[in-house]
Amino acid sequence: SQANPLVIFLPLWVGFMGFLMLIMSTNTGVIGASRVTYSMARYKIMPIWFSKIDPKFRVPTRTIVIFTLASIGFVLFVWFMGTYRISKEDPTVILGDLYNYGALVSFMIVNLALIRLRNKRPELYRPYKSPFAFNVNFRGKDTIVPILPVLGFTVCLFVWILVLNLHEIGKIVGTLWFIVGIVLYLMYRRHIKLNWKEPLPGTLVTHPDIAHELHPEIAEEIKRRDNM
């Protein structure tokens, strides 16, 4: 009934909450992507140019600016595609497909990397370990398999297969995007004369006793925290 105040209030409330969630999601995406790129640049997975820290605010300003501009570019892309009807498919759906493709592949790799790191570097300092692990014999070796990363990988793989089957443009463009990223990474590593899987000296050591040496920009904070 139109006389019910909830009929008027609830749609406004849902719209307002959706607006806030989009703002928070966008802010988190820009901040998260900029920090990940900064970290990758420190380990020379991406150009070192991205690892520059602002001397006053102590944040990776270059990556923040780049990803803010990229976000604006995506908005303009949706507007351009929708205004001039370049594609029959909704441009927001295309953008969502690309995001889902890249995010799901990233999540799958992270889950697999956690399992591999647990077994390849068991001596690493770990303040927290993923619980509920079991042991299996793999290639004659006792292998630790945490359940949570297995579940995470399986769910992401299932959703990723759905994206490939149900979204034609996302499947094509996402795959090309992924291939281009791999090629650029291999070219950059070759340019700096590093093997594609060769770690940098010192990056394999993460014990808190030497953490301040790996992170000089926050050395004093790390030492103070460790002495508490």
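All residue numbers refer to positions in the sequence shown, counting from 1. Here the structure is a predicted model, which is why all the values come from computation and not from measurement.
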Other cluster members, Val59 - Ile/Leu/Val/Met/Phe/Trp/Tyr, side-chain contacts below 4.5 Å: Phe57, Ile64

Hydrophobic cluster membership, Ile161 vs Val163, 4.5 Å side-chain cutoff: yes

Contact list for residues 141-150, test side chain to side chain donor-acceptor pair (under 3.5 Å), sequence neighbours left out: Asn135-Asp142

Donor-acceptor pair, side chain of Thr63 and main chain of Ser34, under 3.5 angstrom: yes

Note, Leu148 side chain near Pro131 side chain (heavy atom, < 4.5 Å): yes

Residue pair Leu151 / Ile147, side-chain heavy-atom distance below 4.5 Å: yes

Any side-chain heavy-atom pair of Leu157 and Met108 under 4.5 Å: yes

Minimal non-hydrogen separation, Asn111 against Pro149, with atom names: OD1-CA, 3.3 Å

ILVMFWY network linking Met17 to Leu10, side-chain heavy atoms under 4.5 angstrom: yes

Ser51 backbone acceptor or donor facing Arg42 side chain under 3.5 Å: no

Same apolar cluster (I L V M F W Y, side chains within < 4.5 Å links), Phe153/Ile109: yes

Plane angle bin for Trp13 and Phe16 - parallel if under 30°, tilted between 30 and 60°, otherwise perpendicular: tilted

Other cluster members, Leu176 - Ile/Leu/Val/Met/Phe/Trp/Tyr, side-chain contacts below 4.5 Å: Ile172

Connected via hydrophobic side-chain network under 4.5 Å: Leu69 and Phe80: no

Nearest-0.5 Å distance that lies between atom NZ in Lys171 and atom CG in Leu166: 10.0 Å

Pairwise side-chain contact, Val155 with Phe107, heavy-atom cut-off 4.5 Å (strictly under): no

Within 6.0 angstrom of Phe178 CZ, more than 12 heavy atoms from elsewhere: no

Working for side chain to side chain contact (heavy atoms under 4.5 Å, CB included), residues Thr175 and Tyr101: CA-CA 8 Å; Thr175 302; Tyr101 189 107; 3.1 Å; yes

Cluster link Val110 to Val145, ILVMFWY, side chain under 4.5 Å: no

Validation row: Met46, Thr37 side chains within 4.5 angstrom (heavy atoms): yes

Whether Arg62 side chain and Trp49 backbone form a donor-acceptor pair below 3.5 Å: yes

Whether Tyr38 side chain and Pro60 backbone form a donor-acceptor pair below 3.5 Å: no

Within-4.5 Å side-chain heavy-atom neighbours: Asn100 and Trp160: no

More than 12 heavy atoms from other groups under 6.0 Å of CZ on Phe134: yes

Residue pair Ala41 / Pro47: nearest heavy atoms and the distance that separates them: CB-O, 3.3 Å

Min side-chain heavy-atom separation Met187-Val183 under 4.5 Å: yes

Student check: side-chain heavy atoms of Tyr188 and Ile192 closer than 4.5 Å: yes

Test log, rule side chain to side chain contact (heavy atoms under 4.5 Å, CB included), inputs Val173 and Leu98: CA-CA 7 Å; Val173 179; Leu98 293 178; 3.4 Å; yes

Derivation and outcome, side chain to side chain contact (heavy atoms under 4.5 Å, CB included), residues Ile23 and Phe19: CA-CA 6 Å; Ile23 291 294; Phe19 168 76; 3.9 Å; yes

